[in-house]
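Below is one structure, written out as structure tokens; comments come after it.
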Amino acid sequence: MEYKELMKRAIEAKKMAYVPYSKFHVGAALLTKTGKVYTGCNIECASYGGTNCAERTAIFKAVSEGERQFEAIAVTGDDNQYTFPCGICRQVMVEFGKNIKVIVGKSEEDYKIYTMDQLLPHSFTPEDLGHQCGGC
Ligand code: THU
């Protein structure tokens, strides 16, 4: 699947964002190595720490359905700006492989592609605990 199409799915997923507090909508679309797409939105909570980001919603949906090998994740937010994954989401991404591509976009036409090493250099990974990565 092309990244343009993955970004389209993220933009679509953003519509489902539950954001009564921040009013900041985020959508994500995760492409598995087998070509399936899992989407996610951010889901906020009156106890703010209970909030789940769009990226982790997509990753947790996929993992809970048996998927662990990921090719790429597209992320898009509000305000016509590039919305980058937060630190917690970056850490969850490297759990499932240091080669996942992160597509950060404003629209289907306007996006940038990053490697996990660019977004989370010198990361702490499952290998540091003597484990294989979650998707390896
Ligand atoms: N948010 C995401 O969904 N993904 C990110 O990587 C950045 C932040 C959400 C969390 C919260 O609902 C809102 O954006 C404002 O922080």
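Just so it is clear, the values below take in all heavy atoms, side chains as well, and ignore hydrogens, waters and symmetry mates. Whatever order the structure lists ligands and atoms in, that order sets their numbers, starting from 1.
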Step by step, work out the side-chain hydrogen bond (donor to acceptor under 3.5 Å, both in side chains) result for Glu127 and Thr125.
-> CA-CA 5 Å; Glu127 285 88 347; Thr125 68; 2.8 Å; yes
Is it the case that Lys112 places NZ or CZ above or below the six-membered ring of Tyr82, under 6.0 angstrom from the centre and within 45 degrees of the axis?
->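 The answer is yes; both the distance and angle limits are met.
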Stacked cation flag Lys106 on Tyr111, 6.0 angstrom / 45 deg |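 Judged by the rule, Lys106 and Tyr111 form no cation-pi pair.
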Note the single closest protein heavy atom to [atom], along with its residue, its atom name and the distance in Å.
atom: atom 3 (O) of ligand 1; result: Ala54 N, 3.0 Å
atom: atom 11 (C) of ligand 1; result: Glu44 OE2, 3.3 Å
atom: atom 4 (N) of ligand 1; result: Glu55 OE1, 2.8 Å
atom: atom 9 (C) of ligand 1; result: Asn42 ND2, 3.4 Å

What do we get for Phe84 next to ligand 1 when only non-hydrogen atoms under 4.0 Å count, side chain, backbone, both or neither?
->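 Answer for Phe84: backbone.
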Ignoring angles and geometry beyond distance, decide whether Cys89 reaches within less than 3.5 Å of ligand 1 through its nitrogen or oxygen atoms.
->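 Checking ligand 1 against Cys89, no N or O pair falls under 3.5 Å apart.
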Return a yes/no value for Cys53: is any of its N or O atoms, backbone included, closer than 3.5 angstrom to an N or O of ligand 1?
->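 No, Cys53 has no N/O under 3.5 Å of an N/O on ligand 1.
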Could you list the atoms of ligand 1 found under 4.0 angstrom from a heavy atom of [X]?
X: Ser22; value: 13 (C), 15 (C)
X: Phe24; value: 14 (O)
X: Pro85; value: 6 (O)
X: Cys86; value: 5 (C), 6 (O)

Could you tell me the separation between the [atom1] atom of [X] and the [atom2] atom of [Y], rounded to the nearest 0.5 Å?
X: Asn52; Y: Cys89; atom1: CG; atom2: SG; answer: 7.5 Å
X: Thr57; Y: Leu30; atom1: OG1; atom2: CG; answer: 11.5 Å
X: Arg9; Y: Met1; atom1: CZ; atom2: CE; answer: 6.0 Å

Do Leu31 and Phe70 come within less than 4.5 Å of each other through their side chains, counting heavy atoms only?
->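 The answer is no; the side chains never approach within 4.5 Å.
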Any side-chain heavy-atom pair from Lys101 and Tyr3 closer than 4.5 angstrom?
->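 Yes, side chains in contact.
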